[in-house]
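To start, the structure itself, in structure tokens.
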Amino acid sequence: MKHLALLFLTAVAMFGIISIAYAVHGIVPAETPAVMPGPDAKALGDFITKTNPYTQWNMWPGKQAFYKGTEPHGALLTTYVNDVAYNSIRSKKGMADGSVIVKENYTPDKQLAAVTVMYRIKGYHPAGGDWFWAKYRPDGSVEASGKLEGCIKCHGQRAANDYIMTEDIMK
């Protein structure tokens, strides 16, 4: 009976040690990932600035801060992508649902003029690639959002590339 109790206590201790090791080394998530917002510019703005700050994300692969931009976005751009978008870009299979692309739009003298966002939401707007568009003023207030005709018309020229203008993301 003593052997059985000792075996049980050893197993419990080992399970605890292994669980702690996995959590510390990131094998088991330490916390639940944040829930993505729906098609709501205010909620999306809070998500990308407070819940999961976009400035801590990767920049678009191969791009640096203040690369040359084109109108209507601005003379200089800095583009950030969440992990879903980053992995989608790398896979060359198109942008997965949940992809978020945040573009800081700057004047020639590096003054922030606006922040524009593309957020792919499954089923949101199939005729527009399921992209939710948002434009924020430098103070973070919403200038425009939703199924924005100007965004869809321009980016729609690259519908076969998932509406992405920055580079070819499809094989």
Side-chain angles (χ1 to χ4, degrees), residues 31 33-171:
E31 57 187 68
V35 176
M36 297 289 290
D40 176 309
K42 172 86 171 81
L44 179 60
D46 287 345
F47 181 82
I48 66 172
T49 59
K50 297 173 185 164
T51 306
N52 188 358
Y54 75 85
T55 55
Q56 296 176 10
W57 301 354
N58 289 310
M59 286 189 190
W60 187 283
K63 297 286 185 187
Q64 301 296 319
F66 303 114
Y67 66 91
K68 187 177 182 327
T70 57
E71 288 304 324
H73 288 287
L76 300 169
L77 307 172
T78 302
T79 303
Y80 297 89
V81 294
N82 69 352
D83 288 342
V84 175
Y86 186 84
N87 292 331
S88 295
I89 295 162
R90 291 287 201 203
S91 75
K92 297 285 188 183
K93 294 179 182 176
M95 301 304 279
D97 296 326
S99 292
V100 182
I101 302 166
V102 177
K103 187 170 290 194
E104 295 177 332
N105 307 267
Y106 291 93
T107 63
D109 60 345
K110 297 184 180 177
Q111 295 298 310
L112 183 65
V115 174
T116 50
V117 179
M118 292 176 68
Y119 171 29
R120 181 163 254 175
I121 304 170
K122 184 177 182 163
Y124 169 69
H125 184 227
D130 279 342
W131 289 105
F132 174 81
W133 309 85
K135 181 175 183 181
Y136 301 90
R137 293 178 189 93
D139 68 2
S141 63
V142 178
E143 184 171 325
S145 67
K147 301 171 186 173
L148 299 176
E149 184 178 329
C151 299
I152 295 167
K153 184 176 179 183
C154 183
H155 283 260
Q157 298 172 50
R158 300 274 295 178
N161 193 52
D162 262 350
Y163 292 71
I164 303 298
M165 306 294 275
T166 307
E167 72 176 68
D168 291 338
I169 61 156
M170 306 289 281
K171 282 186 181 177

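For the pair Ala114 and Pro138, the tightest heavy-atom approach, listed with the atom from each and the gap, is N-CG, 4.4 Å. The shortest non-hydrogen separation linking Gly38 to Ile121 is C-CD1, 3.9 Å. When every heavy atom of Phe132 is checked against every heavy atom of Ser145, the shortest pair comes out as CZ-CB, 3.9 Å. Taking both residues in full, the closest heavy atoms of Thr166 and Lys103 are given as OG1-NZ, 3.9 Å, listed atom of the first, atom of the second, then distance. Nearest heavy atom pair, residue Tyr86 against residue Pro61, reads CE1-CG, 3.5 Å.
With Ser88 contributing its side chain and Ala96 its backbone, the two residues share a donor-acceptor pair below 3.5 Å. In terms of modelled atom types and a separation under 3.5 Å, the side chain of Thr116 and the main chain of Lys135 share no donor-acceptor contact. Side chain of Tyr80 to backbone of Val100: no donor-acceptor contact under 3.5 angstrom is found. At least one donor-acceptor pair under 3.5 Å links the side chain of Asn82 to the backbone N or O of Gly98. Within the 3.5 Å criterion, the main-chain N or O of Arg137 finds no donor-acceptor partner in the side chain of Ser141. A donor-acceptor pair under 3.5 Å is formed between the side chain of Asp130 and the backbone N or O of His125.
Leu76 contributes atom CG, which lies 11.5 Å from atom CG of Leu112 (distance to the nearest 0.5 angstrom). To the nearest 0.5 Å, atoms CE (Met165) and CD (Gln157) are separated by 5.5 Å. Here the OG1-CD distance, from Thr78 to Glu104, works out to 5.5 Å after rounding to the nearest 0.5 Å. In this structure, the separation between OG1 on Thr55 and CD1 on Ile48 is 10.0 Å, given to the nearest 0.5 Å. Summarising the geometry, atom OG belonging to Ser91 is positioned 9.0 Å from atom CD1 belonging to Ile89; distances are rounded to the nearest 0.5 Å. Distance NZ/Lys93 to CD1/Ile169: 13.0 Å, rounded to 0.5 Å.
Listed by chain and number, the residues in a side-chain contact (heavy atoms from CB on, under 4.5 Å) with Lys153 amount to none (sequence neighbours excluded).
One finds a salt bridge joining Glu167 and Lys92 here, because a Lys/Arg side-chain nitrogen approaches an Asp/Glu carboxylate oxygen to under 4.0 Å. Taking a cutoff of 4.0 Å between a charged side-chain nitrogen and a carboxylate oxygen, Asp168 and Arg158 qualify as a salt bridge.
Aromatic ring orientation, Tyr54 versus Trp57: perpendicular (interplanar angle above 60°, classes split at 30° and 60°). Using the six-membered ring where Trp is involved, His155 and Trp133 have ring planes that are tilted, between 30° and 60° apart.
The side-chain heavy atoms of Ile164 and Trp60, taken from C-beta on, include a pair separated by under 4.5 Å. Taking 4.5 Å as the limit, some side-chain heavy atom of Asn105 sits within range of a side-chain heavy atom of Leu77. Put simply, the side chain of Met95 reaches to within 4.5 Å of the side chain of Asp162, judged on heavy atoms. For the pair Lys147 and Tyr124, the minimum side-chain heavy-atom distance is below 4.5 Å. Counting heavy atoms from C-beta outward, Cys151 and Trp131 have side chains that stay 4.5 Å or more apart.
Atom CD of Gln64 has 12 or fewer neighbouring heavy atoms from other residues, nucleotides or ligands inside a 6.0 Å radius.
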Inset, instruction - Output, in order, the C-alpha distance, side-chain angles, deciding distance and verdict of side chain to side chain contact (heavy atoms under 4.5 Å, CB included) for Leu44 and Tyr136. - result: CA-CA 11 Å; Leu44 179 60; Tyr136 301 90; 3.7 Å; yes
Inset, instruction - Evaluate the criterion side chain to side chain contact (heavy atoms under 4.5 Å, CB included) for residue pair Asp83 and Asn58; output intermediate values, then yes/no. - result: CA-CA 8 Å; Asp83 288 342; Asn58 289 310; 4.2 Å; yes
